[in-house]
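Each residue takes its place number in the sequence, starting with 1.
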Amino acid sequence: MKTFKSDLSNSECPISERVSGRMLRSSLLGLVQKDYPQFTVENFLSRSELDHYREAYIEHFLKKQVGKISKLEKTVMTSLMKNTTLTDKIDAEENEAMTFGQRIADKVAIFGGSWTFIISFGLFLLVWISINILWLANRAFDPYPFILLNLILSSLAAIQAPVIMMSQNRQEEKDRERGKKDYMINLKSELEIRMLHEKIDHLIVNQQQDILEVHKVQIEMMNDILKRIGNG
C-alpha cells in the first residue's frame with residue numbers, strides 16, 4: 001500500500017488520505033499554521049488531521065457564538081464530523097432515556113384521552129345501572145342512588161388527577177426534548193451552510209487564480225508571437 005509522510009506529524013499515512021495544503025480554506029490553514037508555522041500550501045496532511053482542525057474550527061465558532069459548549073453542541077459537532085444523521089441518534093437516545101414509569105404514563109394518557117375509554121366507561125355505567133334497576137330489581141347489590149358506584153367514581157377521580165398530572169409532566173418533557181432536537185438540527189444546518197459558503201469562496205478564489213495564470217500564459221504567448229513578427 002502506497003503511503004506518504006504527513007508534514008504535521010511526520011507519520012506514514014495511506015496515500016488515499018493525503019490532502020494538499022492548497023485545498024485548505026484560509027480559516028483552516030490559519031488554525032494549522034498556529035500549531036505548525038512551517039506548514040504552507042505546498043505541504044500535505046492526512047484526512048484525520050484535517051478532521052481534527054475542522055472540529056477545532058467549529059468548536060471555536062460555537063464558543064464565539066454561544067459561549068460555553070454544552071452536550072448538545074458536542075453532539076452536533078460529532079454528527080457533523082462523522083457525516084451521520086442527527087435525528088436518528090436523537091430518537092435513539094430519547095427512547096433509551098425513557099423510564100418504565102414514563103412509558104406507563106404515555107400509555108395511560110393515550111388510552112385515557114381516547115374515544116375508546118369514553119365509550120367503554122359509558123357502557124360500563126349503563127350496564128351497572130341497568131343491572132341494579134331492571135335485572136336484579138328488589139335484590140340489587142347497589143340500589144338507587146348507587147352509593148357503591150359513587151364510591152367507585154370518587155376513587156377513579158382521585159386516581160385520575162395524579163395520572164393527568166403525570167401525563168402533563170410527560171408532555172412537557174416531550175416538548176423540551178422536541179425543542180432540543182429542533183435546536184440541534186438548526187445548529188447543524190447553520191454550521192453546514194457556513195462551511196459550504198467557505199468552500200464556495202475557496203473554490204472561487206482558486207478559480208480566479210487559475211484564470212489569472214491562464215491569462216499570464218496567453219499574454220506571454222502573444223508577446224512571443226509579436227516578437228517573432230517584429231523580428232521577421
Side-chain angles (χ1 to χ4, degrees), residues 19 24-28 30-31 47-125 152-204:
V19 179
L24 300 182
R25 300 184 299 278
S26 58
S27 55
L28 290 178
L31 284 178
R47 188 166 298 278
S48 59
E49 293 169 339
L50 176 60
D51 290 339
H52 168 73
Y53 281 99
R54 282 175 174 169
E55 185 174 354
Y57 172 75
I58 295 175
E59 184 175 355
H60 173 74
F61 171 75
L62 289 177
K63 285 183 178 179
K64 184 178 179 181
Q65 296 294 325
V66 300
K68 185 178 179 181
I69 297 179
S70 65
K71 183 180 179 180
L72 297 180
E73 282 83 15
K74 290 182 179 179
T75 304
V76 173
M77 289 171 55
T78 302
S79 175
L80 191 61
M81 290 299 99
K82 294 183 178 180
N83 292 323
T84 57
T85 304
L86 189 60
T87 53
D88 295 339
K89 184 175 181 181
I90 296 174
D91 290 337
E93 291 179 352
E94 184 177 352
N95 292 332
E96 291 177 358
M98 288 178 60
T99 62
F100 177 76
Q102 290 174 336
R103 293 190 179 94
I104 295 297
D106 286 344
K107 292 180 179 179
V108 170
I110 293 173
F111 177 71
S114 65
W115 280 106
T116 302
F117 172 77
I118 295 175
I119 294 174
S120 301
F121 193 69
L123 291 175
F124 170 76
L125 293 178
I152 294 175
L153 295 178
S154 300
S155 301
L156 181 62
I159 297 175
Q160 189 178 16
V163 170
I164 293 175
M165 294 180 63
M166 289 172 60
S167 63
Q168 289 178 344
N169 292 335
R170 181 59 187 154
Q171 187 61 43
E172 291 178 359
E173 291 179 4
K174 286 184 177 181
D175 293 339
R176 285 194 296 269
E177 292 298 326
R178 190 178 295 111
K180 291 179 182 179
K181 183 187 297 186
D182 293 340
Y183 168 73
M184 294 172 69
I185 293 175
N186 292 336
L187 178 60
K188 184 179 180 182
S189 300
E190 181 181 352
L191 293 175
E192 287 180 337
I193 292 173
R194 181 180 177 87
M195 293 177 65
L196 181 61
H197 284 173
E198 292 190 357
K199 289 180 180 179
I200 293 175
D201 293 339
H202 179 69
L203 290 175
I204 292 175

Please tabulate, for side-chain N and O atoms in residues 115-122, each donor-acceptor pair with protein atoms closer than 3.5 Å (sequence neighbours left out).
unit_1: S120; atom_1: OG; unit_2: T116; atom_2: O; d: 2.6

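For D175, the salt bridge (Lys or Arg N to Asp or Glu O under 4.0 Å) test picks out R178, with sequence neighbours left out. In this structure, the ring-ring contact (aromatic ring centres under 6.0 Å, His included) partners of F124, at least two apart in sequence or on a different chain, are W128.
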